[in-house]
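Worksheet: the structure to be examined is printed underneath.
Order of appearance sets the numbers: ligands from 1, and atoms from 1 within every ligand.
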Amino acid sequence: MQLQEILYSQGFGTRRVCAGLVQQGHVTVGGEPVTDASRDFDPQGLAFTVGGVPWSYHELAYLMLNKPAGTECSQKPSTYPSIYTLLPAPLRQRPQKGAVQGVQAVGRLDQDTTGLLLLTDDGQFIHRMNSPRHHVPKVYEVGTKHPVDEKQVARLLEGVVLDDDPKPVRAAACEKTGECALRLTLTEGKYHQVKRMLAAVSNRVETLHRSRIGDLVLPADMSPGQWRWLSQADLDALKPVKAPAPVKAAAPETQ
Ligand code: URA
């Protein structure tokens, strides 16, 4: 693939801008400056620098971000800065079918939720991960306003009814981890699900952190706001588990 085409595919600007970057000596490959924009390289695993910044070729981009509090998972945020401002420009400008598309968050976290967020420009991956049939467990560390009691844990495991659906939702796993803390595992991703489930058992979420998706754990050395590429092992860790048994609909209340 021509070097200008490689840069274009990775989000470094229009084909013309990319050719200019090479011709003006801003690009090195394997440590050597390259000024011929049409020189061919095998893109697989290619390491290069643009303006001194190291980069590596990825046909599709899969990333994890440690989402900080006070950021919105929206391209057009209403109140807080967008998570997309935490990513370098090429990741936000990767082209798809000729248009600037960039990576997209796989599902959303609330502005005050922290932790593991996936991003990609692979539409099929987003679709698969968000599909209700695709049961990838997500683990949340929850800080609560009121002390957690065993009855609340039991109810979260049995299933609680939220206001938009008569079918109960239940935690795939739930354990008390402190006086006002619990670890909750969900296999669905309903709007504000953790907050609404805790409200349904008469408690309240004070802090919320996603620590894990499938077998992929947010690395302890990633500080809030940091991102990194997912490896093949990371992607393998995101495989779904068998669907949990359905929860019976709640019986109507009798007087
Ligand atoms: N559940 C919530 O209530 N908020 C999140 O951000 C994620 C899950």
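- Protein heavy atom closest to atom 1 (N) of ligand 1, with residue, atom name and distance, is V194 N, 3.1 Å.
- Taking 4.0 Å as the cut-off between side-chain N and carboxylate O, R170 and E158 do not count as a salt-bridged pair.
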Next item on the list: Would you please test R210 and L109 for side chain to side chain contact (heavy atoms under 4.5 Å, CB included) and show each step?
Entry: CA-CA 9 Å; R210 186 157 69 191; L109 293 174; 3.6 Å; yes
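- Residue L109 has at least one heavy-atom neighbour below 4.0 Å for each of these atoms of ligand 1: 6 (O), 7 (C).
- The existence of a salt bridge linking K195 and D112 is confirmed by a sub-4.0 Å separation between a basic side-chain nitrogen and an acidic carboxylate oxygen.
- Among the atoms of R196, none of the N or O lies under 3.5 angstrom from an N or O of ligand 1.
- Under the 4.5 Å side-chain criterion, counting only non-hydrogen atoms from C-beta, D36 is not in contact with L3.
- Between F12 and W55, the two ring planes are perpendicular [angle over 60°; tilted spans 30° to 60°].
- For ligand 1, the atoms sitting less than 4.0 Å from at least one non-hydrogen atom of Y140 are 7 (C), 8 (C), numbered in the order shown with element in parentheses.
- Distances below 4.0 Å separate heavy atoms of T113 from the following atoms of ligand 1: 4 (N), 5 (C), 6 (O).
- Contact check on D165 versus K190 returns a salt bridge, with a Lys/Arg side-chain nitrogen under 4.0 Å from an Asp/Glu carboxylate oxygen.
- By the 4.0 Å N-to-carboxylate-O rule, K176 lies too far from D149 to be salt-bridged with it.
- Residue L208 touches ligand 1 through its side chain alone, judged by heavy-atom distances below 4.0 Å.
- The shortest N or O to N or O distance between R108 and ligand 1 is not below 3.5 Å.
- For Y191, the closest heavy-atom approach to ligand 1 does not fall below 4.0 Å.
- In this structure, the protein non-hydrogen atom closest to atom 4 (N) of ligand 1 is D110 OD2, 2.7 Å.
- Near Q193, with a cut-off below 4.0 Å to any heavy atom, the atoms of ligand 1 are 1 (N), 2 (C), 3 (O).
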